[in-house]
Protein chains: 2
Amino acid sequence: MTAQPQPSARPTLEDVAARAGVSRATASRVLNASPRVSPEALEAVTNAVSELGYQPNSAARALVTRRSGAVAVVFSEPEPKIFDDPHFARLIRAAARALSEQDAQMVLMLVHSPQDQERAHRFLAGGHVDGALLFAPHRNDRLTGVVRKLHLPVVLGGRPWGSLRGLHLVDNDNEGGGFQATEHLKSLGRKRIVHVSGPADELSSTDRLDGWRRSVGADDAAVELMSESGGYTRQGGRNAMRTLLRRVPDLDAAFVGSDLMAEGALAALREAGRRVPQDVAVVGFDDHVTIAAHTDPPLTSIRQDIDSQVSHMVSHLIRLLRDEPVRAKREVLPTILVRRESA
Amino acid sequence: MTAQPQPSARPTLEDVAARAGVSRATASRVLNASPRVSPEALEAVTNAVSELGYQPNSAARALVTRRSGAVAVVFSEPEPKIFDDPHFARLIRAAARALSEQDAQMVLMLVHSPQDQERAHRFLAGGHVDGALLFAPHRNDRLTGVVRKLHLPVVLGGRPWGSLRGLHLVDNDNEGGGFQATEHLKSLGRKRIVHVSGPADELSSTDRLDGWRRSVGADDAAVELMSESGGYTRQGGRNAMRTLLRRVPDLDAAFVGSDLMAEGALAALREAGRRVPQDVAVVGFDDHVTIAAHTDPPLTSIRQDIDSQVSHMVSHLIRLLRDEPVRAKREVLPTILVRRESA
DNA sequence: GCTGTCTCCGAGAGCGCTTCCAAGCCGGTG
DNA sequence: CACCGGCTTGGAAGCGCTCTCGGAGACAGC
């Protein structure tokens with residue numbers, strides 16, 4: 001029995017090897033599940049590990065493998081939205097789950113200001129993470145361009161403005177969803193279908209608008225008249241619907257670009273004395289659990305499966321990290337109509 | 001001119017030192033802002049760093065300093081809530097901001113299941129992070145106890161169940177806020193003040209209840225009669241208010257334990273034909289921007305300053321990490337009443 | 001009996017950094 | 001003139017791990 005040097009110090013691989021009566025190399029092989037190890041050695045090391053409560057030192061491992069085991073999740077958004085929009089909470093939750101299933105640690109970065117962006121750039125360039133998931137929907141966002149040059153595996157959530165060259169992304173079928181929503185309203189016999197759109201500087205919202213436009217066959221003038229932006233907020237949806245009621249008094253249906261805006265739109269319709277769905281049928285977008293099912297009346301909505309989007313992004317990224325062949329650089333996930341009472 | 005070995009390879013400290021014409025040791029001193037460096041050496045190294053675009057290798061640094069530069073932010077909560085409650089989005093945002101200001105990277109962990117907890121434990125014990133911010137409000141949560149034994153600097157957000165020994169925490173004055181809310185209702189001349197409380201297994205909600213109780217001077221029977229749990233959800237608030245209207249038909253005021261529940265409570269009052277604030281005055285809790293200001297009528301609420309709570313937690317943790325003396329192990333932040341139209 | 005092949009193992013180098021230690025240089029002092 | 005102390009500097013050790021490389025042993029084939 002040799003005296004324990006310091007019982008408080010964390011055991012190293014050296015200690016494990018000594019206890020198991022093998023070399024450090026063999027102990028390392030066991031930890032990394034190498035096949036070239038005899039059953040006896042494997043057992044001895046396994047026992048030593050659990051007896052000592054050994055935990056590999058991640059910094060040492062990262063130093064030699066040049067892998068950190070961490071993935072950045074970056075949201076490039078003006079501040080207020082990350083507060084308000086339940087969409088973010090869903091994305092964050094989904095990312096946390098998907099990454100922890102892969103035993104990757106999730107480093108969350110919220111980028112609001114140019115300084116934040118500078119910091120994010122330095123951080124991503126600094127080799128602190130092996131890859132990144134990036135959400136940067138806004139038109140004037142510079143981060144996507146910056147990241148593209150970085151030589152770091154990145155998967156985007158949603159289509160970015162500008163060139164797609166060299167980018168991997170997983171998007172939802174916003175255009176198809178918008179089309180689907182509007183076709184559904186047409187199938188109910190509605191003739192004057194207006195659209196409350198999201199911000200014009202996000203492709204998710206212009207894509208939804210395009211889907212509506214394709215379904216109703218609107219020309220530019222009609223688009224000008226029959227749609228109005230509500231900026232992805234409740235209050236915005238309310239204002240937009242008020243405007244539309246003024247401009248198109250005989251409207252009998254509305255496709256609203258998000259559930260949050262739809263909540264506002266419903267309020268505007270209520271205050272105008274229009275009954276939903278009798279006078280005006282309404283379809284939302286997102287199918288957000290805590291909104292769509294609890295509005296009055298419950299909201300028919302287009303579901304985009306956020307969990308699936310994020311888990312596709314993660315598995316795509318993991319393949320990139322492993323240098324495995326990646327099927328497609330660009331995936332578009334389908335959306336489905338969930339019927340409730342508003343349409 | 002020597003040939004560049006590999007232009008694509010990241011420069012190391014060795015490269016910087018060579019270019020600056022100093023030793024690696026001196027270059028390191030410059031990077032770590034050591035005072036023992038001549039102005040000439042400082043300038044030469046600084047130039048070399050920017051010319052080469054040098055970025056220190058964080059793994060190598062972590063290996064020798066035994067510091068990762070990362071802080072875990074842990075939420076131990078059943079799944080659904082992290083979706084629904086805007087409170088979480090605020091906490092996450094505040095944490096992201098406060099930590100990035102300290103140049104600490106934020107590793108987000110969402111703990112829902114026992115497996116998650118096991119993984120979190122391993123991770124925190126594994127030396128991947130220098131410290132942690134922990135939010136674990138539920139009574140039966142085991143994580144706080146586990147973390148306490150971990151020898152890892154941790155600051156809790158909110159008071160945990162059980163012993164406080166050895167724990168650092170920053171809490172909001174929930175009891176005081178509940179008292180304040182109820183006193184305000186009394187000052188309006190209200191006599192029958194009921195309470196919609198949050199879940200009984202969170203101290204934030206029982207503290208608010210205690211504040212209400214102290215203000216109205218309720219005995220156990222009165223508490224039984226005049227308060228009802230709404231579980232921190234909109235629907236729960238609605239149901240609880242319906243129940244209270246049945247049990248206490250002559251109620252003329254309500255203190256509701258969160259804005260989300262207050263929204264539901266307002267709906268229940270509306271459907272019962274009670275006017276707010278004429279028939280029933282209502283005070284919420286949280287002063288959540290996107291709720292309180294937009295209910296009908298806008299909600300009087302108790303504001304707890306989440307940004308300040310989290311930044312206190314972070315600076316507390318930073319002091320712990322630096323082995324600086326910490327003023328108090330426990331901080332309780334004040335709450336204030338924000339008057340709008342509901343009371 | 002000798003060689004070739006296969007499997008498992010250990011010695012040792014080295015990842016990029018910080019930091020201890022000793023050496024060199026300077027001006028001032030006895 | 002020898003010596004001392006303060007300042008800056010470079011050499012070198014070492015953080016804990018992975019992985020290459022060659023050696024040792026077992027076994028089959030000639």
Side-chain angles (χ1 to χ4, degrees), chain A residues 5-6 8-46 48-49 52-70 103 125-130 321-322, chain B residues 5-6 8-46 48-49 52-70 125-130 322:
Chain A
Q6 281 175 23
S8 68
R10 279 182 59 174
T12 72
L13 191 55
E14 188 80 56
D15 302 328
V16 172
R19 179 159 195 131
V22 299
S23 73
R24 211 168 61 232
T26 299
S28 173
R29 277 187 275 262
V30 170
L31 289 174
N32 295 288
S34 157
R36 319 211 136 294
V37 175
S38 68
E40 303 82 55
L42 191 145
E43 199 195 328
V45 172
T46 310
V49 163
L52 295 174
Y54 170 74
Q55 293 264 13
N57 178 314
S58 45
R61 179 175 278 178
L63 178 59
V64 51
T65 60
R66 294 150 184 290
R67 280 294 175 86
S68 69
D103 271 313
H128 301 264
V129 292
D130 299 336
L321 295 180
R322 294 202 189 117
Chain B
Q6 280 175 24
S8 70
R10 277 182 59 173
T12 71
L13 191 54
E14 188 80 55
D15 301 329
V16 172
R19 178 157 194 133
V22 300
S23 72
R24 211 167 62 232
T26 299
S28 173
R29 277 187 277 263
V30 170
L31 289 174
N32 294 288
S34 158
R36 317 212 137 295
V37 175
S38 67
E40 304 82 54
L42 191 145
E43 199 194 328
V45 172
T46 309
V49 164
L52 295 173
Y54 171 73
Q55 292 264 13
N57 178 314
S58 45
R61 179 176 277 179
L63 177 58
V64 52
T65 60
R66 295 150 184 291
R67 280 294 175 88
S68 69
H128 301 265
V129 292
D130 299 335
R322 295 202 189 118

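Here is the naming used below: chain letters follow the sequence lines, and residue numbers restart at 1 for every chain. Keep in mind the model is a prediction, meaning the values are calculated, not measured. Side-chain atoms are counted along with the backbone in the values below, which use heavy atoms only and exclude waters and symmetry mates.
- In this structure, Leu63(A) places its CG atom 12 Å from P of dC19(D), rounding to the nearest Å.
- Candidate nucleotides dT18(C), dT8(D), dG11(D) were compared by shortest atom distance to the side chain of Ser23(B), and dG11(D) ranks first.
- The residue Arg66(A) sits close only to the backbone: its heavy atoms come under 4.0 Å of sugar-phosphate atoms, none of a base.
- Across the protein-nucleic acid pair, Glu40(B) atom CD and dC7(D) atom P stand 16 Å apart, rounded to whole Å.
- Of the candidates dT8(D), dC17(D), dG10(D), the closest approach to any side-chain atom of Val22(B) belongs to dG10(D).
- At dT18(C), none of the side-chain N or O atoms of Thr65(B) fall inside 4.0 Å of OP1 or OP2 (strictly under the cut-off).
- Of the candidates dG12(C), dG16(D), dT9(D), dG16(D) carries the atom nearest the Val64(A) side chain, counting heavy atoms from C-beta on.
- Using a 4.0 Å heavy-atom criterion, one finds that Ser28(B) contacts the bases of the nucleic acid, with or without backbone contacts as well.
- Looking at heavy-atom distances under 4.0 Å, Ala41(B) makes contact with sugar-phosphate atoms alone, never a base.
- Atom CZ in Arg67(A) sits roughly 16 Å away from atom C1' in dC19(D) (whole-Å rounding).
- Between Glu40(A) and Val22(A) there is no side-chain heavy-atom pair separated by less than 4.5 Å.
- Of the candidates dC17(D), dA12(D), dC17(C), dC17(D) carries the atom nearest the Pro56(A) side chain, counting heavy atoms from C-beta on.
- In this structure, Leu13(A) atom CG and dT18(D) atom P are separated by 6 Å, rounded to whole Å.
- A distance of 10.0 Å separates CZ in Arg29(B) from OG in Ser38(B), rounded to the nearest 0.5 Å.
- Considering only side-chain atoms of Val37(B), the nucleotide from dC8(C), dT9(D), dA11(C) that sits closest is dT9(D).
- As a whole-Å value, the separation of Glu14(A) CD from dC15(D) P is 10 Å.
- When each of Ala60(B) and Ala25(B) is assigned the nucleotide of DNA chain D with its nearest heavy atom, Ala25(B) is the one assigned upstream, toward the 5' end.
- In this structure, Asn57(A) and Thr12(A) have side chains that are not in contact, with every pair of non-hydrogen atoms separated by 4.5 Å or more.
- In terms of phosphate contacts, Asn32(A) brings a side-chain nitrogen or oxygen within less than 4.0 Å of OP1 or OP2 of dT18(D).
- If you take CZ of Arg36(A) and C1' of dC19(D), they are 14 Å apart, rounded to a whole angstrom.
- Spacing between atom CG of Asn57(A) and atom C1' of dG16(D) amounts to 6 Å, rounded to whole angstrom units.
- Contact check for Leu31(B) versus Leu13(B): side-chain heavy atoms found under the 4.5 Å cut-off.
- Remark: C1' of dG16(D) and CZ of Arg61(A) are 11 Å apart, rounded to the nearest angstrom.
- Between Thr26(B) and dG10(D) there is a side-chain polar atom (N or O) within less than 4.0 angstrom of OP1 or OP2.
- A pairwise comparison of heavy atoms in Gly69(B) and Asp130(B) identifies N-OD2, 2.8 Å as the closest pair.
- Counting all heavy atoms, side chain and backbone alike, Gly126(A) lies closest to Arg10(B) at O-NH1, 3.2 Å.
- When distances run from any side-chain atom of Arg24(A) to the nucleotides dA13(D), dA13(C), dC9(C), the shortest one goes to dA13(C).
- For dG10(C), its base sits under 3.5 Å from the side chain of Arg29(A) at one donor and acceptor pair at least.
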